[in-house]
Number of protein chains: 2
Amino acid sequence: MKGKATSFDIAHYAGVSQSTVSRALRNSPLVNEETRRRVHEIAKKLNYKVDKNASNLRTQQSSTLALLLFEDPTEDESQINPFFLSMLGSITRACAKEGYDLLVSFQSTSSDWHADYEDSHRADGLILLGYGDYIDYQSKLQTLLDNHTKFVCWGATVDNRPDLTVSCDNYGGGVLAAKHLIDMVRTDCAFIGDASDHSPEFFARFKGFRDTLKAKGIEVSDRKMANAISTEDSGYHATRSLIANNVKFNALFAASDLIAIGAIKALQEAGVRVPHDVHVVGFDNIAAAGYVSPSLTTVQQNTTLAGQMLVDNLLTLIRGEAVTSTLLPPKLIIRQSSR
Amino acid sequence: MKGKATSFDIAHYAGVSQSTVSRALRNSPLVNEETRRRVHEIAKKLNYKVDKNASNLRTQQSSTLALLLFEDPTEDESQINPFFLSMLGSITRACAKEGYDLLVSFQSTSSDWHADYEDSHRADGLILLGYGDYIDYQSKLQTLLDNHTKFVCWGATVDNRPDLTVSCDNYGGGVLAAKHLIDMVRTDCAFIGDASDHSPEFFARFKGFRDTLKAKGIEVSDRKMANAISTEDSGYHATRSLIANNVKFNALFAASDLIAIGAIKALQEAGVRVPHDVHVVGFDNIAAAGYVSPSLTTVQQNTTLAGQMLVDNLLTLIRGEAVTSTLLPPKLIIRQSSR
DNA sequence: ATACAGTCTGACACCGGTGTCATAATGTCG
DNA sequence: CGACATTATGACACCGGTGTCAGACTGTAT
């Protein structure tokens with residue numbers, strides 16, 4: 001036997017037609033039980049596997065989803081945002097559970113992601129994962145919509161299509177962080193992240209935080225805010241600039257754990273004690289949050305559930321059914337950095 | 001225009017045959033420059049993308065690699081070994097660089113991984129990633145060999161086929177760890193990992209470690225060894241059992257960083273100071289190694305290079321050429337846990 | 001015996017490309 | 001002008017399955 005066995009080979013050995021083999025292997029009720037058993041047996045002996053390309057071509061679907069990861073570029077390309085990695089894990093498992101394969105692809109935020117995975121029938125739908133909105137992000141999403149490409153987004157919203165987004169309740173997370181600091185009587189708060197709508201997720205976290213303090217009559221002044229993207233380095237430098245500007249605060253809310261970790265490092269280097277002098281709260285609950293010293297209080301996003309919802313919603317869309325906007329509840333994890 | 005455009009649609013608009021369209025799109029030198037331009041233009045306008053299934057079916061290859069991740073089962077399924085995640089990142093990037101797609105799949109170690117990705121023409125080759133050897137691992141690899149499936153392994157060896165393995169020089173890494181502890185005059189060493197050939201990678205690390213100490217006339221007694229799989233929890237409990245047995249040591253070598261992190265926790269809980277009382281050295285250099293307190297001295301595996309080599313070697317095999325066994329040099333990263 | 005429903009199977013078109021072969025059109029040279 | 005190489009194109013089989021349709025066969029009611 002040269003090359004791989006085909007359904008014709010099985011047909012030959014079983015003494016039936018290829019059509020019958022195809023039906024038997026898919027357990028069609030049309031075939032006789034005895035025939036079905038014989039075909040399965042021979043298939044197993046020949047180590048036969050259905051050719052996915054032929055099958056997909058005929059049925060016009062691929063049983064495959066594509067995960068497109070958009071990342072802020074970092075100096076060290078091999079380091080991936082741990083939060084996304086965690087999502088990747090849960091998405092992979094969710095796909096497996098639903099019997100779908102997963103194609104993974106990193107997209108440089110600058111590059112022209114043609115997102116041709118679905119057009120080329122490599123995948124039935126796309127999962128878009130990444131912070132914020134990049135150059136042309138919305139217009140590219142619009143192209144996807146125009147092409148009737150099925151996709152769901154994590155975090156970032158799609159104009160007029162809230163149903164395509166699965167996201168953590170970032171605003172609610174910001175509220176949790178603020179309430180916790182109010183409980184701890186630490187209301188002279190700084191914020192590090194991106195308080196513009198350039199990065200919608202970070203902005204929502206900030207708004208929830210700010211609004212909650214405001215309700216208590218406390219303002220977060222512009223002086224106490226610094227921009228950062230979600231890397232340790234960026235958080236470190238943003239915090240240093242606050243310190244250099246002689247900004248005073250007794251609590252700090254970071255838009256992500258990586259930022260918070262960088263912030264703690266900058267604070268400690270400046271001789272500021274955490275949590276004694278400054279309470280720090282992060283966002284995401286990445287693994288490292290439990291390892292840093294002091295361990296980091298943070299707002300947890302349930303990545304397991306998130307991955308499951310992304311896959312579920314996408315599959316629903318692919319089936320042509322409607323989905324509703326999905327907002328996942330955040331949860332405060334209190335650790336040493338704020339007590 | 002309902003549905004997606006096909007090459008026939010383009011042929012129609014361009015006033016040429018479908019054959020010519022196919023050739024033009026692949027920039028065959030056979031087609032006239034002017035025709036080629038017109039076809040490309042129309043294709044772009046129609047948002048045409050080659051149907052991968054049709055193309056793959058005809059050419060009998062998929063431009064896709066499959067990554068199969070084997071993990072020791074943990075209680076929290078969503079947490080993936082960070083070292084593997086790091087590998088995943090570098091493999092993804094390496095694939096993209098070579099113009100290949102990547103299918104990612106988690107395999108429960110217990111489940112029957114038919115590894116049918118290649119048989120079903122979903123992927124041209126497999127990358128196997130996981131510690132150690134599981135039930136039937138070698139026999140399953142043998143099945144792959146029998147089926148002429150192209151694959152490469154990380155770490156674990158394949159009987160009689162060293163060329164199919166890309167791996168860190170685990171033995172050399174163990175040597176580095178031992179030499180470092182000798183330099184620090186901490187030679188009363190414990191080892192936590194798996195000092196049996198059940199887990200070949202861990203065993204090699206141990207051998208390099210043990211042999212180096214032995215050359216200095218120092219024995220690592222069985223009493224000072226405890227088994228653990230690569231989780232923080234497992235490292236924690238293994239260390240507690242050493243402490244409970246009243247085993248004395250002033251240095252500890254852990255077969256992985258996760259084990260080391262669990263070990264440090266157990267030591268600290270028992271009132272043992274790290275590094276003052278016990279020096280700790282890990283293996284992998286996962287991100288958390290830099291975050292824990294004290295930060296962890298460890299043997300770094302170059303995951304970027306490893307991912308690249310895995311992909312390169314696999315592609316070489318797919319081209320039908322020979323590859324040689326690949327061993328990557330480890331590097332010692334000295335941090336606070338050993339000084 | 002005839003009609004008819006139910007069960008099972010084979011023939012065949014089809015999915016959308018790719019590769020081969022034949023051939024038309026044009027140019028070149030003796 | 002005929003022989004021949006060169007260039008550009010179309011026709012067509014093919015990859016390996018899936019879905020439709022027709023029909024053979026069996027059993028049961030009329």
Side-chain angles (χ1 to χ4, degrees), chain A residues 1-40 42-43 46-64 116-124, chain B residues 1-40 42-43 46-64 116-124:
Chain A
M1 168 78 58
K2 71 225 53 156
K4 306 227 182 287
T6 72
S7 52
F8 284 93
D9 297 323
I10 300 179
H12 174 249
Y13 286 112
V16 295
S17 75
Q18 181 270 339
S19 302
T20 301
V21 171
S22 174
R23 281 189 287 255
L25 291 175
R26 281 171 299 139
N27 296 318
S28 157
L30 289 176
V31 314
N32 181 285
E33 172 61 20
E34 156 62 16
T35 316
R36 199 188 66 76
R37 268 218 348 278
R38 201 166 69 249
V39 167
H40 272 274
I42 296 173
L46 294 186
N47 231 299
Y48 169 82
K49 291 284 153 42
V50 173
D51 185 313
K52 277 287 176 183
N53 291 316
S55 167
N56 292 345
L57 173 59
R58 181 63 227 249
T59 58
Q60 299 290 30
Q61 40 124 333
S62 63
S63 294
T64 300
D116 63 350
Y117 283 95
E118 200 234 1
D119 291 337
S120 66
H121 290 275
R122 271 181 291 191
D124 296 337
Chain B
M1 169 76 58
K2 71 226 54 160
K4 306 228 182 287
T6 71
S7 52
F8 284 93
D9 297 322
I10 300 179
H12 174 250
Y13 287 111
V16 296
S17 75
Q18 180 271 338
S19 302
T20 301
V21 171
S22 175
R23 281 189 286 255
L25 290 175
R26 281 172 299 139
N27 295 319
S28 157
L30 290 176
V31 313
N32 181 285
E33 173 61 21
E34 156 62 17
T35 316
R36 199 187 67 76
R37 267 217 350 275
R38 200 168 70 250
V39 167
H40 272 273
I42 296 173
L46 294 186
N47 231 298
Y48 169 83
K49 292 283 154 41
V50 173
D51 185 313
K52 278 286 177 184
N53 291 315
S55 167
N56 291 344
L57 174 58
R58 181 64 228 243
T59 58
Q60 298 290 37
Q61 41 124 334
S62 63
S63 294
T64 300
D116 62 351
Y117 284 94
E118 200 235 0
D119 291 338
S120 66
H121 291 276
R122 272 183 289 193
D124 295 338

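Protein chains get the first letters and strands the later ones, always in sequence-line order, with residue 1 at the start of each.
Residue-level contact check: A/Q18 touches the bases, meaning some heavy atom is under 4.0 Å from a base atom. Residue contacts for B/S7: at a heavy-atom cut-off of 4.0 Å it reaches the sugar-phosphate backbone alone, with no base atom in range. Contact annotation for B/T59: backbone-only contact, meaning every heavy-atom pair under 4.0 Å involves sugar-phosphate atoms and none involves a base.
Distance A/N53 CG to D/dT18 P: 12 Å, rounded to the nearest Å. Atoms NE2 (A/H12) and P (D/dG16) sit 17 Å apart, rounded to a whole Å. With rounding to whole Å, A/D9 atom CG is found 9 Å from D/dG16 atom P. Remark: C1' of D/dA8 and CD of B/E34 are 13 Å apart, rounded to the nearest angstrom. The distance between atom NE2 of A/H121 and atom C1' of C/dC15, rounded to the nearest whole Å, is 10 Å. Atom CG of A/L57 is separated from atom P of D/dT18 by 11 Å (rounded to the nearest Å). Rounded to an integer number of Å, the gap from B/R122 CZ to D/dC15 P is 22 Å. For B/K49 and C/dG17, the NZ to P distance is 13 Å, given to the nearest whole Å.
With contacts defined as side-chain heavy-atom distances shorter than 4.5 Å, the pair B/N27/B/H40 qualifies. The shortest distance between side-chain heavy atoms of B/Y48 and B/I10 falls below 4.5 Å. Contact of the A/F8 side chain with the A/V21 side chain is not registered, since no non-hydrogen atoms from C-beta on lie closer than 4.5 Å. For the pair A/H121/A/Q61, no side-chain contact is recorded, criterion being any heavy-atom separation below 4.5 Å from C-beta on. Side-chain contact between A/R38 and A/V16 is present, with at least one heavy-atom pair separated by less than 4.5 Å.
The closest side-chain donor-acceptor pair between B/R122 and B/S120 falls under 3.5 angstrom. Side-chain contact annotation: B/S62 with B/D124, donor-acceptor N/O pair under 3.5 Å present. In this model, no donor atom of one side chain and acceptor atom of the other lie less than 3.5 Å apart for B/R23 and B/S19. Between the side chains of A/S17 and A/T20, at least one donor-acceptor pair of N or O atoms lies under 3.5 Å.
Under the 3.5 Å distance criterion, the side-chain polar atoms of B/S55 are left unmatched by any main-chain donor or acceptor of B/D51.
Not one side-chain nitrogen or oxygen of A/T20 sits closer than 4.0 Å to the OP1 or OP2 atom of C/dT9. Contact annotation: A/S17 reaches the phosphate of C/dG10 (side-chain N/O to OP1 or OP2, under 4.0 Å). Using a 4.0 Å cut-off, some side-chain N or O of B/Q60 falls inside it from OP1 or OP2 of D/dG16.
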Using nucleotides 23-28 of chain C, report all nitrogen or oxygen pairs with the protein that are shorter than 3.5 Å.
none

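A donor-acceptor contact under 3.5 Å is formed by the side chain of B/S19 with the base of D/dC12.
Using a 4.0 Å cutoff on non-hydrogen atoms, the parts of residues 23-33 of chain B near DNA chain D are B/R23, B/L30, B/V31, B/N32, ordered by number.
The nearest heavy atom of DNA chain D to B/R58 and to B/G15 marks one nucleotide each, and the one closer to the 5' end goes with B/G15. If B/T35 and A/D51 are placed on DNA chain D by their nearest nucleotide, the residue sitting closer to the 5' end is B/T35.
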